[in-house]
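The sequence lines fix the lettering, A, B, ..., with proteins before strands; numbering per chain opens at 1.
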Amino acid sequence: MPVHNADIAAIFEEIADLLEIQGANPFRVRAYRNAARTVGDYGRDLAGLIAKGQPLPKIPGIGDDLAGKIHEIAATGRCSFLERLHRELPAAVTELLKIPGLGPKRVKTLYEQLKVQTLPELQAAAQSGRIRELAGFGEKTEQHILAAIGAQASEARRFKRPVAAQYAEALAAWLAGVAGVERVEVAGSYRRRRETVGDIDILVAARSGSPVMQRFIGYDEVRDVLAHGETRASVMLKCGLQVDLRVVEAAAFGAALHYFTGSKAHNIAIRKRAQERGLKINEYGVFRGENRIAGETEDSVFAAVGLPWIPPELREDQGEIEWAMRAPLPKLVERAELKGDLHCHSRASDGHASIEAMALAAKARGLDYLAITDHSQRLKIAHGLDSGQLLRQMAEIDRLNEKLRGITLLKGVEVDILADGSLDLPDALLGQLDLVVGAVHSRFDLPPARQMKRLLTAMDHPHFTLLAHPATREIDRRPALELDWLKLIRHARQRGCFLELNAQPERLDLFDIHCRMAKEEGVLVAINSDAHKEADFDCLDYGIGQARRGWLEAKDVLNSRSLAQLRPLLRRTM
DNA sequence: GCCGTTTTCGGCCCGACTGTTTTCAGTCG
């Protein structure tokens, strides 16, 4: 049973929960939480490194003790320290922390006073009125607990970007129209362009006396008001999405925007930096003693701690601060820099538009070239093309290229990578195409070693160009393949092929950390729409967001090349 | 538990809102 970074992170997170309930030193608790996040986001498989006998890399926040625990978990899958904690406190109590309003102190009280360990026990205690009897608890708390247990199953989820955008943008536009409102910005993980968002954070600059707070909690889509004060409010929308609003004066907008954009880890790192310089940062500005020295713009906040403005997509405390101290930050790729799209479908397989219609739609969105990559024969459900059908399509593309102006079509295919790594169409045919996009659409359950072999074998094929949606994950539906990413990326470099970042918002595959790994290893990434209809080209924007989170610049992106620059790259020489 | 250009000990980010309290602890972001 392989140990993943996520498994190590989960153990550290559980240790942090249990220590917190025990009332341990809060900074010790934080050390475990930081370590959980650092390990969970770490780009390389730590247990894999250890298994190969390599030393653990020096990771900030991981000292001798935690490194020792990582070694133990990697070797045994267990952590004796966690097991010791379990002997003192049942594992189930950490579940109680998931109830909003219940933190470590209250969970400890519930366990010690009422012997409550599980959610059903908590519910029973609340229903029988025993919770309100406890010191520090009351009737309202008991009611909230009952309501939260009822809501928990249905609403503990994250929202994909298109859904979040729909609500966030509409609400932001509505707030912008309220009297006295000067600026509105959607902050939080949405602004950092994370692939999913747990809630929406909206920041408003308003003149004093603006009714914006009242208008917010009275918004049509609001189901519950969770909290509201003078400057801050939280609501639950009917769709189950939580929205937090913060209102500040214009002079503090930059500081507040930085604060509410996060991430939390980035903010902590920036504040520590401020502290080292004798400054204090809060959402109202940067202060030296009583004097506010910055805060109107984000630029001014960063400048106050000796840094350039850092793009929101990089604010994860994943080295962006250290990088900015010693070198210019990357100039992250923008949508306008994409010159073409190397993966889309037509009506010939499972698309909904003709090749010509797709070409015109791509041209209308500023693209200069478009590869038609319908599915191959094995994918029956998508009406995959056999050799004869693909040959006829190639002839059709030749005819269209004579007719079309301002866009060039490339002949391609999204060929199935079969379980043994072979490709689903004959070599002679693949060799006639401009590019071969290979993809896994079946046998996601192969053992990791065989899955890895499958992909490496496919890349060894002389005509293989580009690996589509490499992890094959679909958000909330299908987990990512367990791959040795560094090995895969280095193999791609060696074989002269490329990786796709599939821009469909339910895929967003490559992951951000693997984009960054590809960049570091010198493997170009193609940001592709995988469009099945004309409007899908707009998905490229989601791909750009993910690419930016992966530190990619235009030079790291295959389809930022002009067609003339691209053609030689597609021609395999090995 | 981590960490070091004021430190190997003594720090560790900061403020708003709620509910239970009569001045604040707990929770959250």
Side-chain angles (χ1 to χ4, degrees), chain A residues 12 15-17 19-21 23-39 58-70 81 96-110 131-145 148 187-190 197-203 213 217 225-235 242-248 252 255-256 258-287 295 301 305-306 317 321 325:
Chain A
F12 286 169
I15 290 174
D17 283 345
L19 285 175
E20 201 168 28
I21 295 169
N25 177 348
F27 299 105
R28 188 178 172 209
V29 173
R30 184 191 293 171
Y32 278 100
R33 292 212 194 282
N34 285 342
R37 188 183 56 80
T38 306
V39 170
K58 181 71 197 132
I59 305 173
I62 308 290
D64 290 344
D65 182 274
L66 290 175
K69 291 191 170 77
I70 291 173
F81 179 59
L96 304 182
L97 291 172
K98 297 202 176 96
I99 298 294
L102 290 189
K105 297 277 174 21
R106 285 176 163 168
V107 167
K108 184 169 198 254
T109 304
L110 287 165
I131 288 178
R132 72 179 72 177
E133 308 296 335
L134 298 172
F137 290 74
E139 206 173 328
K140 277 198 159 178
T141 305
E142 195 173 79
Q143 293 305 317
H144 283 150
I145 288 171
S189 56
Y190 184 83
V197 298
D199 62 10
I200 298 283
D201 298 288
I202 299 183
L203 179 67
M213 195 56 87
I217 62 174
V225 177
L226 305 174
H228 82 104
E230 295 281 306
T231 64
R232 182 169 207 159
S234 295
V235 300
Q242 183 175 326
V243 186
D244 298 334
L245 176 70
R246 189 63 189 260
V247 182
V248 297
H258 178 255
Y259 180 79
F260 287 102
T261 296
S263 67
K264 190 183 173 93
H266 169 90
N267 285 354
I268 288 174
I270 292 287
R271 286 183 184 188
K272 278 172 105 164
R273 218 179 135 76
Q275 210 177 37
E276 288 160 14
R277 288 166 169 67
L279 303 172
K280 184 180 76 167
I281 297 186
N282 60 26
E283 54 264 59
Y284 301 112
V286 183
F287 297 85
V301 175
V305 292
D317 192 25
I321 295 170
M325 281 162 57

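- On the nucleic acid side, DNA chain B contacts chain A at distances under 4.0 Å to non-hydrogen atoms, with the end points of that region at B:dG1 to B:dG29.
- Searching all strands for a Watson-Crick or G-U wobble partner of B:dT8 with both distances below 3.5 Å returns nothing.
- When the nearest nucleotides of DNA chain B are assigned to A:L66 and A:F27 by heavy-atom distance, the more 5′-ward of the two goes with A:L66.
- For A:A255, the side-chain contact (heavy atoms from CB on, under 4.5 Å) test picks out A:V301, with sequence neighbours left out.
- Nucleic acid contact for A:N25: base, since at least one base atom lies under 4.0 Å from a heavy atom of the residue.
- Using P as the reference atom, B:dA16 and B:dG11 are 25 Å apart when rounded to the nearest Å.
- Nucleotides B:dC12 and B:dC17 are separated by 25 Å at their P atoms, to the nearest Å.
- Spacing between B:dT23 and B:dG4 at atom C1', rounded to whole Å, works out to 39 Å.
- Counting non-hydrogen atoms under 4.0 angstrom, A:Q275 reaches the backbone sugars and phosphates but no base.
- A search for salt bridge (charged side-chain N to carboxylate O under 4.0 Å, His left out) contacts involving A:D201 returns nothing, not counting sequence neighbours.
- For the P atoms, the distance from B:dG15 to B:dG10 is 26 Å, rounded to whole Å.
- Under the salt bridge (charged side-chain N to carboxylate O under 4.0 Å, His left out) criterion, A:R273 pairs with no residue at all, not counting sequence neighbours.
- Backbone-only engagement by A:K69 is indicated by non-hydrogen atom pairs under 4.0 Å involving sugar-phosphate atoms exclusively.
- Each of A:E142 and A:S234 has a nearest nucleotide on DNA chain B; the 5'-most of these lies closest to A:E142.
- Remark: A:S263 engages A:R192, A:A265, A:H266, A:E316 in a side-chain contact (heavy atoms from CB on, under 4.5 Å) (not counting sequence neighbours).
- Contacts of A:P104 with the nucleic acid, taken as non-hydrogen atoms under 4.0 Å apart, involve only primed sugar atoms and P, OP1 or OP2.
- Contact annotation for A:I281: backbone-only contact, meaning every heavy-atom pair under 4.0 Å involves sugar-phosphate atoms and none involves a base.
- Residues A:L96 and A:I21 are not in side-chain contact: their nearest non-hydrogen atoms beyond the backbone lie 4.5 Å or more apart.
- With rounding to the nearest 0.5 angstrom, the CG atom of A:L245 is 5.0 Å from the CE atom of A:M213.
- Taking the C1' atoms as reference points, B:dT6 lies 23 Å from B:dG1, given to the whole Å.
- With both ends at atom C1', the span from B:dT20 to B:dT27 equals 14 Å, rounded to whole Å.
- A:R106 comes within 4.0 angstrom of the backbone, heavy atoms only, and of no base.
- In this structure, B:dT7 is classed as syn because its glycosidic torsion stays within 90° of zero.
- Taking the six-membered ring where the residue is Trp, A:F12 and A:Y32 present perpendicular rings, their angle passing 60° and hence far from 30°.
- Applying the salt bridge (charged side-chain N to carboxylate O under 4.0 Å, His left out) test to A:R246 and every residue at least two apart in sequence or in another chain returns A:E283.
- Residue contacts for A:K280: at a heavy-atom cut-off of 4.0 Å it reaches the sugar-phosphate backbone alone, with no base atom in range.
- Going from the P atom of B:dT18 to that of B:dC13 covers 26 Å, rounded to whole Å.
- Counting non-hydrogen atoms under 4.0 angstrom, A:F137 reaches the backbone sugars and phosphates but no base.
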